[in-house]
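One-based numbering, in listed order, for ligands and for the atoms of each. Remember, it's a predicted structure, so these values are computed and weren't measured experimentally.
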Amino acid sequence: MSPIIVQKYGGTSVADTDRVKRVADRIARTKRAGHDVVVAVSAMGKTTDDLIRQAGEISVNPPGREMDMLLTAGERISMALLAMAIQEEGLSAQSFTGSQAGIITDEVHGKAKILDITPGRITGALDDGHVAIVAGFQGVSREGKNITTLGRGGTDTTAVALAAALGATVCEIYTDVDGVYTADPRIVPTARKVDRISAEEMLELAAHGAGVLHTRSVEFGRNHGVDIHVRSSFSHHDGTWVIAHPTQEELMEQAIISGVAHDRSEGKVTVRGVPDKPGIAARVFTALADANVNVDMIVQNVSADGTTDMTFTIPLTDATLAKAELEPLISEVGAAAVELDPKIGKVSLVGAGMKTNPGVAARMFSALSEAGVNIDMISTSTIRVSVVVNEADVETAVQAIHSAFGLDSDTPVLVEGK
Ligand code: ASP
Ligand code: MG
């Protein structure tokens, strides 16, 4: 058997049939260079957004099962067209849905987690000399046998999970940017491309808003020893290597700070006047967990007069769900009110060097203060400091922090559409 390469192509890379042909050409070169090739492909261009819009024209709250059935159709189109285009290159290719590829998930529609991969049909296709094309961002649920999706951007996870299951050591993620940047170049035109980054740091950046990689794909890479090469499908340049297990030497050479991420997709929930007694936090967060709401920063202050406020952030897409869970709880636990503020943004500074370099948080907060940005909430991990600020201050905050840590380059990146 030849060494297996798994490649992922994003929606922009297959936005029209000409681009599909170009991708087929790149795949054909890889195959002819002596690799077995497995491809995970996203829906063409804005297909997924269009399907979501159409569903919204029919129902304000479409059933998750039907929503997933609808959205997975986008990837079925691109996978079949891509297989045809590869055949036009004189090679053979077969496309597979996530379910056919053996991607088994839990039952949670819209954000299912991969539980297992049984890629027998994929290895069979490779053995027969085909290029295997797999529809991105989808699987089939273990119990209900329903079609599920892995969340927006989930094709990255399809690719890396397949790479792990097939024993590939590298997964190439082809996208419309040259790699991972020290900040979003649309906000910071002097952001720099990062050549190498540890999966540990990339995980923090992705989880806190860097849209270039689906968070769970980085987790898969780290847990299964798959290095990810994020690169542009429009050039042949090297992109960014996300290293699952950096060597000691690589760790020594790491920059103190790897980048600044931002996220406007969360809202802030405050439960006011919560009685200060055991069991209340457990009640609140169990209710949210049972409804599959991902809670992020949690802050609770010391109590005054026996009550306290509890504040946390959640994805805005879960806001309706969270309110429905929390409102009945208010009177039950004797809290005063629950409020949602959607106009927030989170800005995070990530770098493994924070573990050993004191003063990083202080420098970050000084930069924000000099830029006149008020900090609403703060949370940290060993390699990250995050702040919640007013949504209108996000850009200023990212720029201020980026320059305070000397991340700016001299040459601005040319960004499409800005
Ligand atoms: N087509 C899906 C989306 O737009 C999955 C992906 O592109 O990764 O989110
Ligand atoms: Mg993406």
| task | Indicate whether the side chain of D156 and that of S217 have a donor and an acceptor atom separated by less than 3.5 Å. | result | no

| message | Can you name the atoms of ligand 1, numbered from 1 with element, that are less than 4.0 Å from a heavy atom of R152? | response | 3 (C), 4 (O), 9 (O)

| said: Can you tell me which portion of T155 lies within the under-4.0 Å heavy-atom range of ligand 1? Options are side chain, backbone, both, or neither. | reply: both

| Any idea which atoms of ligand 1 are less than 4.0 Å away from a heavy-atom of E75? | 1 (N), 2 (C), 5 (C)

| field | Counterpart residues, salt bridge (Lys or Arg N to Asp or Glu O under 4.0 Å), relative to E143 (two or more places apart) | value | none

| query | G136 near ligand 1, heavy-atom distance under 4.0 Å? | reply | no

| Got an N/O contact under 3.5 Å between F137 and ligand 1? | no

| request: May I ask you to check if ligand 1 and S42 share an N or O to N or O distance below 3.5 Å? | output: yes

| task | Assess the side chains of S92 and H130: does a donor N or O sit below 3.5 Å from an acceptor N or O? | result | yes

| said: Applying salt bridge (Lys or Arg N to Asp or Glu O under 4.0 Å), can you list everything that pairs with D25, at least two apart in sequence or on another chain? | reply: R29

| request: Using distance alone, with no hydrogens and no angle criterion, decide if T149 and D68 have a side-chain donor and acceptor under 3.5 Å apart. | output: yes

| query | Is it true that G154 lies under 4.0 Å from ligand 1, counting heavy atoms only? | reply | yes

| Distance-only polar pair, side chains of T270 and E339, donor-acceptor under 3.5 Å | no

| message | Applying a heavy-atom cut-off of 4.0 Å, say which part of H214 lies close to ligand 1: side chain, backbone, both or neither. | response | neither

| Numbering the atoms of ligand 1 from 1, which are under 4.0 Å from a heavy atom of G153? | 3 (C), 5 (C), 6 (C), 8 (O), 9 (O)

| E266 side chain to T313 side chain, donor-acceptor N/O pair below 3.5 angstrom | yes

